[in-house]
Amino acid sequence: MEALVEEIVIGIQKDGEIFDTQSANIQNISGNEILFDNSNDSLEIIRHSTAHLMAQAIKILYPDAKFFVGPVIEDGFYYDFRTSEKISDTDLKIIEKQMKALIKKKLPIEQYSISKKDVLEKFADDDLKQEVLKRIEDGNITIYKQGDFEDLCQGPHVPNTKLLHNFKLTRVAGAYLGGDESKEMLTRIYGTAFADKETLKEHLAMIEEAKKRDHRKLGGELGLFTFDDEIGAGLPIWLPNGARLRSKLEALLFTAHRKRGYQPVRAPEILKSEAWKTSGHYQNYGENMYFTTIDDIEYGIKPMNCLGHIKVYQNELRSYRDLPLKFFEYGVVHRHEKSGVMHGLFRVREFTQDDAHIFCTPDQIKENVIEVLGFVDDIMKSFGFEYNLEISTRPDKAIGDEKVWEIATQGLKDALDENGISYGIDEGGGAFYGPKIDIKITDALKRKWQCGTIQIDFNLPERFELEYTNENNEKSQPVMIHRAILGSFERFIGILIEHVGGEFPFFIAPTQVIVIPIADVHLDYAKELASELMMMEIDCEVSSKNESLNKRIRLAEKQRVPMILVVGDEEIANKTVALRDRRERKQYNLTKAEFYNIIKEKMNEVHF
RNA sequence: GCUCAUAUAGCUCAGAGGUAGAGCACUUCCUUGGUAAGGAAGAGGUCGAGGGUUCAAGUCCCUCUAUGAGCUCCA
């Protein structure tokens with residue numbers, strides 16, 4: 001990073017804690033200096049101060065504004081507040097202008113502390129401050145003051161508003177007080193700030209890049225999928241290009257499962273409600289399920305695939321020699337998500353899971369979890385995804401014995417620990433029937449998405465009284481491992497679209513090759529190439545529209561077809577192709593045989 | 001589910017109470033081109049749905065549906 005004009009100390013770092021210069025001076029703290037730059041510690045201070053600066057500006061523009069909290073978040077900050085006036089996106093510019101004016105005033109940011117009792121009195125007429133104070137322990141409370149503006153705050157802050165030039169208010173939204181759905185909704189303004197203009201610009205450019213890659217936009221442009229008001233929210237319609245892409249993924253994954261000893265199975269979409277009562281879904285997940293009643297019998301449309309696979313297990317008497325049994329299905333599930341949460345393919349009401357259930361003995365859990373993690377790794381590598389793992393423990397709304405939960409959770413941790421795999425922990429984030437390992441993908445823009453999941457379940461085997469005969473000819477209860485690797489085709493493909501910006505790798509691109517004959521007389525040769533490619537199971541199109549050559553190349557490029565073949569007199573005479581490789585941004589003249597070899601190699605590169 | 005916003009041609013968007021518009025896409029014709037937009041003509045809309053205000057509503061009001069930004073919740 002470019003050196004900043006001058007080195008300014010804005011804080012002290014001691015024992016992992018950040019103190020601003022105000023606190024450090026008062027409390028006489030010494031430690032590592034935090035310089036005014038784009039380090040995490042420094043940005044924490046800058047952003048926190050920018051949030052306060054925004055509050056100060058809001059207070060000037062909207063004198064009745066009352067403020068709740070204004071924390072620093074991953075890539076910026078926000079402040080929650082209440083005013084009688086409605087604030088819209090266009091008002092952000094006005095607030096920014098006011099902030100700039102305050103920066104010009106070069107206001108010192110000062111700190112003092114008073115007792116909680118005094119603060120309660122000081123802000124007696126401010127109900128939001130009272131809410132904040134409820135959440136703060138007794139004792140002395142610090143107040144920061146800049147100009148006429150005062151806010152109770154732990155800090156840290158920069159010493160002067162003049163340091164806060166490089167910020168941007170990004171959006172205005174609503175947020176519940178304290179994140180509690182039952183409480184009032186406050187106005188929230190998000191913004192971001194950096195130490196210098198260039199880094200701010202880069203950050204804003206990245207947001208723009210993310211918008212360009214938005215899978216909802218690309219999904220339309222590339223003819224992958226659509227939604228329709230008349231069909232319903234959260235119910236994706238796969239268009240030909242999207243369906244081709246998806247079917248390739250399904251085919252590759254099918255083989256990958258077979259190689260690993262999984263058996264394909266298939267069970268109904270609707271199951272009697274009695275079955276969901278046995279499983280506990282009716283009681284615990286019913287609010288998210290769709291139901292239908294026919295001939296006085298209520299059926300539940302499946303939100304998960306477990307029950308079908310349990311019935312497959314129960315179809316025969318099982319021996320310990322059979323275990324582990326692995327059943328998999330591309331299971332279509334329906335979940336009634338709340339109306340406000342649908343988001344392109346990332347969050348839908350009907351989706352297909354690459355779901356499998358492994359039935360095994362308790363002491364086979366570890367090896368099977370490890371094997372699934374290997375499967376995950378193979379797939380993620382093939383698509384160039386980085387990912388990390390997170391263990392989710394028992395939630396409040398859980399069924400089953402607490403001790404059993406403990407054993408299962410420990411089993412997951414052991415599997416990871418013994419193989420030296422690092423992971424995070426999400427306390428209370430488990431499914432209602434068992435703890436899980438979530439697989440979170442990091443995409444090209446460093447965003448994280450939850451996809452695959454591995455869940456241990458002692459509960460359903462108990463409820464359905466599953467059994468196998470052990471080596472002593474006694475009945476034992478198997479364990480179920482629920483697992484999905486992509487999670488759902490919908491979400492995974494949505495993420496893949498954004499990860500590659502619509503430029504799918506050759507092996508999965510909906511249209512892999514497009515042949516462009518220069519003139520009508522070259523059409524037969526183009527068709528001959530296309531049919532040969534189709535025989536090789538390559539999705540191929542001939543661009544025979546009555547448009548100029550340039551136009552047809554442009555269209556193929558815009559559709560992000562990986563390989564464009566231009567053929568004319570020369571190619572016909574020599575039995576060659578002129579290949580324009582969009583992924584490598586290069587052009588080649590190749591014989592047909594050479595080209596087909598390249599294609600075969602590319603297809604052979606993929607294996608998971 | 002909640003808050004705010006949005007909904008006009010297949011797509012992207014103009015149209016601030018008085019006869020529905022543009023570009024791209026589509027159809028037809030001309031053009032037969034060597035690596036990112038050749039030319040001309042044509043067709044296409046109960047202005048998301050329903051109700052209300054008004055002499056008159058795409059435009060103002062209400063309800064619903066869908067979408068977007070968030071909150072809360074999840075693959």
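Throughout, a chain's letter reflects where its sequence line sits, starting with A, and its residues are numbered from 1.
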Report task. Sorted by first residue and then second, give each side chain to side chain donor-acceptor pair (under 3.5 Å) pair with at least one member in residues 224-239 of chain A; sequence neighbours left out. Result ->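 The answer is none; no pair qualifies.
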
With a 4.0 Å cut-off on heavy atoms, is [X] in touch with a base, just the backbone sugar-phosphate, or nothing at all?
| X | answer |
| --- | --- |
| Glu337(A) | base |
| Arg216(A) | sugar-phosphate |
| Tyr190(A) | sugar-phosphate |
| Gly179(A) | sugar-phosphate |
| Ala484(A) | nothing |
| Asp438(A) | nothing |
| Ala519(A) | base |
| Arg491(A) | base |
| Lys545(A) | sugar-phosphate |
| Asn550(A) | sugar-phosphate |
| Glu490(A) | nothing |
| Ala578(A) | base |
| Arg82(A) | nothing |
| Gln450(A) | sugar-phosphate |

Query raised in the report: Between Glu571(A) and Phe351(A), who's closer to the 5' end of RNA chain B by nearest nucleotide?
Result: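 Looking at RNA chain B, the more 5' nearest nucleotide goes with Glu571(A).
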
**Report entry** Position toward the 5' end of RNA chain B (nearest nucleotide), Met342(A) or Val348(A)
**Finding:**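 Whichever sits nearer the 5' end wins; that is Met342(A).
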
When rounded to the nearest Å, what value does the distance between [atom1] atoms of [N] and [M] take?
| N | M | atom1 | value |
| --- | --- | --- | --- |
| U3(B) | G44(B) | C1' | 39 Å |
| C13(B) | A75(B) | C1' | 35 Å |
| C73(B) | A5(B) | P | 25 Å |
| A36(B) | C30(B) | P | 27 Å |
| C11(B) | C26(B) | C1' | 12 Å |
| G70(B) | U12(B) | C1' | 25 Å |
| A57(B) | U19(B) | P | 12 Å |
| U65(B) | G15(B) | C1' | 25 Å |

Query raised in the report: Are the side chain of Ser392(A) and the backbone of Pro435(A) linked by a donor-acceptor contact shorter than 3.5 Å?
Result: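 No, Ser392(A) side chain to Pro435(A) backbone: no donor-acceptor pair under 3.5 Å.
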
Query - ring-ring contact (aromatic ring centres under 6.0 Å, His included) partners for Phe385(A), two or more places apart - result: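 Partners of Phe385(A) under the ring-ring contact (aromatic ring centres under 6.0 Å, His included) test: Phe492(A), His499(A).
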
Requested in this report: Could you summarise the pairing of RNA chain B as dot-bracket text, marking Watson-Crick and G-U pairs under 3.5 Å with ( ) or [ ] inside the strand and | across strands?
Outcome: (((((((..((((....[..)))).(((((.......))))).....(((((..]....))))))))))))....

**Report entry** Over-ring placement of Arg583(A) relative to Phe506(A), 6.0 Å and 45° cut-offs
**Finding:**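 Here Arg583(A) fails the 6.0 Å and 45° test against Phe506(A).
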
Query raised in the report: Is NZ or CZ of Arg47(A) both nearer than 6.0 Å to the six-membered ring centre of Phe77(A) and within 45° of the ring axis?
Result: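 No - Arg47(A) does not lie over the ring of Phe77(A) by the 6.0 Å and 45° rule.
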
Query raised in the report: Charged N to carboxylate O under 4.0 angstrom, Lys217(A) versus Asp214(A)?
Result: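 Salt bridge absent between Lys217(A) and Asp214(A).
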
Report task. Give a yes or no on whether Glu386(A) atom CD has more than 12 heavy-atom contacts from other residues, nucleotides or ligands under 6.0 Å away. Result ->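 Open.
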
Let me check something: any side-chain donor-acceptor pairs from residues 569-577 of chain A under 3.5 Å, sequence neighbours excluded? List them with distances.
from	atom 1	to	atom 2	distance (Å)
Asp569(A)	OD1	His522(A)	NE2	2.7
Glu571(A)	OE1	Gly568(A)	N	2.9
Asn574(A)	ND2	Glu570(A)	O	3.1

Query raised in the report: Among Val561(A), Val566(A), Leu565(A), whose side-chain contact (heavy atoms from CB on, under 4.5 Å) with Ile514(A) holds?
Result: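 Exactly one pass, corresponding to Val561(A).
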
Requested in this report: Shoot me the first and last contacting nucleotide of RNA chain B against chain A, ordered 5' to 3', at under 4.0 angstrom to non-hydrogen atoms.
Outcome: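 Boundary nucleotides touching chain A, in 5' to 3' order, are G1(B) to A75(B).
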
Kindly list each side-chain donor-acceptor pair under 3.5 angstrom involving residues 300-309 of chain A, sequence neighbours excluded, with atom names and distances?
from	atom 1	to	atom 2	distance (Å)
Lys302(A)	NZ	Asn305(A)	OD1	3.0
Lys302(A)	NZ	Glu329(A)	OE2	3.2
Asn305(A)	ND2	Gln353(A)	OE1	3.2
Asn305(A)	ND2	Asp355(A)	OD2	2.8
His309(A)	ND1	His357(A)	ND1	2.8
His309(A)	NE2	Glu329(A)	OE1	2.8

Requested in this report: Please check if any side-chain donor atom of Asp539(A) sits under 3.5 Å from a side-chain acceptor atom of Thr511(A), or the reverse.
Outcome: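 There is no such pair between these side chains.
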
